Q: 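Input: one structure, supplied below.
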Protein chains: 2
Amino acid sequence: MKKSDKISWSGCPVRYAAGVFGDKWCFVLLRDILLHGKRYYGEFAASEEGISTNILADRLSRLEGDDMLTRHVDPNKRSKVFYLPTRKARALLPAFLGMMVWSTEFDDKTAAPASFAKAFRENPKAAIAWYEAEIDRVNAGLELSS
Amino acid sequence: MKKSDKISWSGCPVRYAAGVFGDKWCFVLLRDILLHGKRYYGEFAASEEGISTNILADRLSRLEGDDMLTRHVDPNKRSKVFYLPTRKARALLPAFLGMMVWSTEFDDKTAAPASFAKAFRENPKAAIAWYEAEIDRVNAGLELSS
DNA sequence: ATTTTCACTTGCAATTTGAAAGCACCCGGC
DNA sequence: GCCGGGTGCTTTCAAATTGCAAGTGAAAAT
């Protein structure tokens, strides 16, 4: 907390965003939560990118501290833990999908189908709503039991 | 380049984006270039956040390598250097402005005027076009002499 | 009771960062 | 030409962060 004395990483919108998720691993965690329906610690740990567990724990608690995630012990199996995206995290969807459209245009090795970018460009609100609904669907399966 | 052996940071759109600009300092450099009309090395170095020059040089060359910036020696004063955003960098504007809207909503210390978020939400294309025009305006003053 | 699953934590080497100093080139005066 | 300052990096080195591997403790499963 030395740096935040001199210049706080908020105020400027870009700086604030950088402070909250301007980091490789936060990107992939948010992707897993917002786009891939992952919720459990074990699911994050198993992601293709191979995050190590100390970093994973650190980023999860940071995101929790920044009010992006909430931590929950699974009531059906109390040795497991899941994380739910907050409204704040979900509100990132539009920007996130915008980034993805950008990637599909400029990464020549992109694995995303062209249909995604097309759909988003033609009707961004509908695309966002679709992902929102997916998030709700996944959450529903967890929130019921808690 | 060890990590890129195992999993290349492309393919997945989010991972690709994270690889190119998923870093605090890339965020603020892109902000300075896309939004604040900065072009010269000295201008970046003087930014409020106080980036140190080794990191600055590293990020500039990385962004150049990722085809986000092009480096130019100022023909009027050949000891100075400026960087121009590529089409690829400019294409990030929509996602970037989306992020800024998000920040203005969730950073309670935000310094951005509410009018910005409002304007973007009401007419995103117009807001983007306005920033595009600004970029062209700034570039025009440099490209003429080169 | 014992083993296994799970979510972390710890230890430690390696990479990255950051502050400061150094270096090389250009430019303007003299 | 030569000197002094401006400019864009590069180097140095300590400090912070990362990443791998092993460890821990609580809960389930056997």
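Naming convention: chains lettered A, B, ... in sequence-line order (proteins, then strands); numbering from 1 in each chain. Atom set for the values below is all heavy atoms of this structure, side chains included, hydrogens, waters and symmetry mates excluded. Please read these numbers as outputs of a predicted model, since none were measured by experiment.
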Q: Would you mind reading off the distance between Lys80(B) atom NZ and dG5(D) atom C1', rounded to a whole angstrom?
A: 14 Å
Q: What's the CD1-C1' distance between Ile55(A) and dA14(C), to the nearest Å?
A: 13 Å
Q: Rounded to whole Å, how long is the line connecting atom NZ of Lys38(A) with atom P of dA7(C)?
A: 13 Å
Q: Please determine whether a side-chain nitrogen or oxygen atom of Tyr40(B) lies at a distance below 4.0 Å from atom OP1 or OP2 of dG6(D).
A: no
Q: Nearest-Å distance, NE2 (His72(A)) to P (dC6(C))?
A: 20 Å
Q: Between Tyr41(B) and dG6(D), is there a contact of a side-chain N or O with OP1 or OP2 at under 4.0 Å?
A: no
Q: Under a 4.0 Å threshold between the charged nitrogen and the carboxylate oxygen, would Asp66(A) count as salt-bridged to Arg62(A)?
A: no
Q: Taking donor-acceptor contacts at under 3.5 Å, does the side chain of Thr53(A) reach the base of dT9(C)?
A: yes
Q: Grab the CD-P distance between Glu64(A) and dC8(C) for me, whole Å please.
A: 9 Å
Q: What is the distance, to the nearest angstrom, from the CG atom on Leu69(A) to the P atom on dC8(C)?
A: 12 Å
Q: Tell me whether the OP1 or OP2 atom of dG18(C) has a side-chain N or O from Trp25(B) closer than 4.0 Å.
A: yes
Q: Check Arg39(B) with Glu43(B), please: is the shortest side-chain N to carboxylate O separation under 4.0 Å?
A: no
Q: Could you give the CG-to-P distance, from Leu56(A) to dT9(C), as a whole number of Å?
A: 11 Å
Q: Any salt bridge linking Arg90(A) with Asp136(A)? Criterion: basic side-chain nitrogen under 4.0 Å from a carboxylate oxygen.
A: yes
Q: Give a yes or no on whether a salt bridge exists between Asp74(B) and Lys80(B), defined as a side-chain N under 4.0 angstrom from a carboxylate O.
A: no
Q: Looking only at side-chain atoms of Arg71(A), point me to the closest of dC9(D), dC8(C), dT18(D).
A: dC8(C)
Q: Where each residue is assigned the nucleotide of DNA chain D containing its nearest heavy atom, which of Ser79(A) and Asp23(A) is assigned the position nearer the 5′ end?
A: Asp23(A)
Q: Measure from the side-chain heavy atoms of Ala57(B) and tell me the nearest of dT10(D), dC8(C), dT17(C).
A: dT10(D)
Q: Does Asp58(B) reach a base, just sugar-phosphate, or nothing at all? Heavy atoms under 4.0 Å.
A: nothing
Q: Below the 4.0 Å mark, does dG6(D) have OP1 or OP2 next to a side-chain nitrogen or oxygen of Arg78(B)?
A: no
Q: Run the salt-bridge test on Arg15(A) and Glu48(B) with the 4.0 Å N-O cut-off and return the result as yes or no.
A: yes
Q: Considering every strand and a 4.0 Å limit on heavy-atom distances, what is the contact class for Phe44(A): base, sugar-phosphate, or nothing?
A: nothing
Q: Atom CG of Leu60(A) to atom C1' of dA7(C): distance rounded to whole Å?
A: 10 Å
Q: Toward the 5' end of DNA chain C, which comes first, Lys77(A) or Asn54(A), by nearest nucleotide?
A: Lys77(A)
